[in-house]
Amino acid sequence: MTTSEKYVTAAYLVVFAAVLVYVLIIATKLARLQRDVAELARLVKERLDG
Amino acid sequence: MLVCAAFALAFFYVPTDADQGFSQRIFYLHVPVALTAYACFGWGAWKALLHLWKRREGADLESYVAIHIGVIFGILTLATGSIWARISWGKWWVWSEKQLVLFLVLFLFYSAYFMLRFSIEPGPQRANLCAVYALFGVVLIPVSFLAIRLAQNFIHPVVFTRDGPQMAASQFATFCVCLAAMLALAATLYMVELTGKRLDEQLRELRELLA
């Protein structure tokens with residue numbers, strides 16, 4: 001692999017890695033939102049039962 | 001899938017450039033990413049205008065998310081551009097290049113948007129100030145875009161001239177696919193981020209109601 005090929009591959013990997021990191025951040029946010037929804041659902045259920 | 005197809009075309013389909021060799025393949029990544037960053041900033045400014053002009057509900061959040069995605073694409077533009085500069089010019093950054101410096105100014109301007117946004121309490125004042133700031137930034141986009149044509153001495157390559165794209169049909173087709181892929185990626189990230197933020201707001205309101 002030439003130096004030029006290494007740099008080009010690195011550039012594409014940088015973008016790929018950035019998108020991957022962003023997707024992971026979104027996945028973490030989604031998991032937090034799911035927890036929040038579950039917590040709110042529990043609170044509503046408690047209010048209705050009580 | 002479109003991104004994977006675009007990367008595959010850039011690596012395996014498009015012919016190697018006679019002048020720059022293999023390194024020219026960064027063009028199919030760097031330019032679409034840069035144009036997508038411009039598009040995001042432009043979209044953010046349009047939403048800011050809608051907020052100030054029509055007082056459209058949610059336009060402030062849409063403007064913020066568009067600028068957020070634009071800054072991410074801005075980082076990628078600077079990173080891929082630096083790698084390309086290292087191969088072609090032997091340097092990671094050239095301060096004498098007007099287009100590079102103007103893009104950096106544009107990127108820093110929109111990065112400062114977040115400092116402004118998070119230094120003010122949420123409310124109409126923050127939304128108005130952020131919208132005005134986003135509109136000021138949009139002026140830099142055509143300046144940055146045209147800088148290469150205004151510059152007298154430049155080493156940054158010009159591909160799109162008044163006579164059309166200066167490349168082979170296969171290269172132009174690959175470029176179009178790459179641009180479509182980056183725009184689609186940005187649009188997807190924009191929608192996902194926006195949905196997440198809206199859900200966050202709705203949940204906060206619900207929590208306050210239940211408290």
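Residue numbering restarts at 1 for every chain, and letters A, B, ... go by the order of the sequence lines.
- Proximity to chain B involves both the backbone and the side chain of A/Leu33, based on heavy atoms less than 4.5 angstrom apart.
- B/Trp84 places none of its side-chain heavy atoms less than 4.5 Å from the side chain of A/Val8.
- Each of B/Leu29, B/Ile26, B/Ile83 has some count of heavy-atom pairs under 4.5 Å with chain A, and the biggest count is that of B/Leu29.
- The shortest distance between side-chain heavy atoms of A/Asp36 and B/Arg204 does not fall below 4.5 Å.
- The CD1 atom of B/Ile87 sits 7.5 Å away from atom OH of A/Tyr7, with the distance rounded to the nearest 0.5 Å.
- Between B/Arg25 and A/Glu5 there is no side-chain heavy-atom pair separated by less than 4.5 Å.
- To the nearest 0.5 Å, the span separating CD1 on B/Ile72 from OH on A/Tyr22 amounts to 4.5 Å.
- The distance from the CG atom of B/Leu203 to the CZ atom of A/Arg35 is 12.5 Å, given to the nearest 0.5 Å.
- Inter-residue side-chain proximity for B/Leu76 and A/Val14 is flagged as met; some heavy-atom pair is nearer than 4.5 Å.
- For B/Leu210, the parts sitting under 4.5 Å from any heavy atom of chain A are the backbone and the side chain alike.
- For A/Phe16, the CZ atom counts as loosely surrounded, since its 6.0 Å shell holds 12 or fewer non-hydrogen atoms of other residues, nucleotides or ligands.
- Nearest heavy atoms, B/Ser23 versus A/Ser4: N-OG, 3.3 Å.
- Using a 4.5 Å heavy-atom cutoff, the side chains of B/Glu193 and A/Lys29 are in contact.
- Atom CD of A/Glu46 sits in a crowded spot, with more than 12 heavy atoms from other residues, nucleotides or ligands closer than 6.0 Å.
- Looking at A/Val19, only its side chain comes within 4.5 Å of chain B, counting heavy atoms on both sides.
- Proximity to chain A is absent for every atom of B/Phe73, based on heavy atoms less than 4.5 angstrom apart.
- For chain B, the nearby parts of A/Leu40 are the backbone and the side chain; heavy atoms of each come within less than 4.5 Å.
- The two atoms that bring B/Thr80 and A/Ala11 nearest to each other are CG2-O, 4.0 Å, heavy atoms only.
- B/Thr195 contributes atom OG1, which lies 9.5 Å from atom CD1 of A/Ile26 (distance to the nearest 0.5 angstrom).
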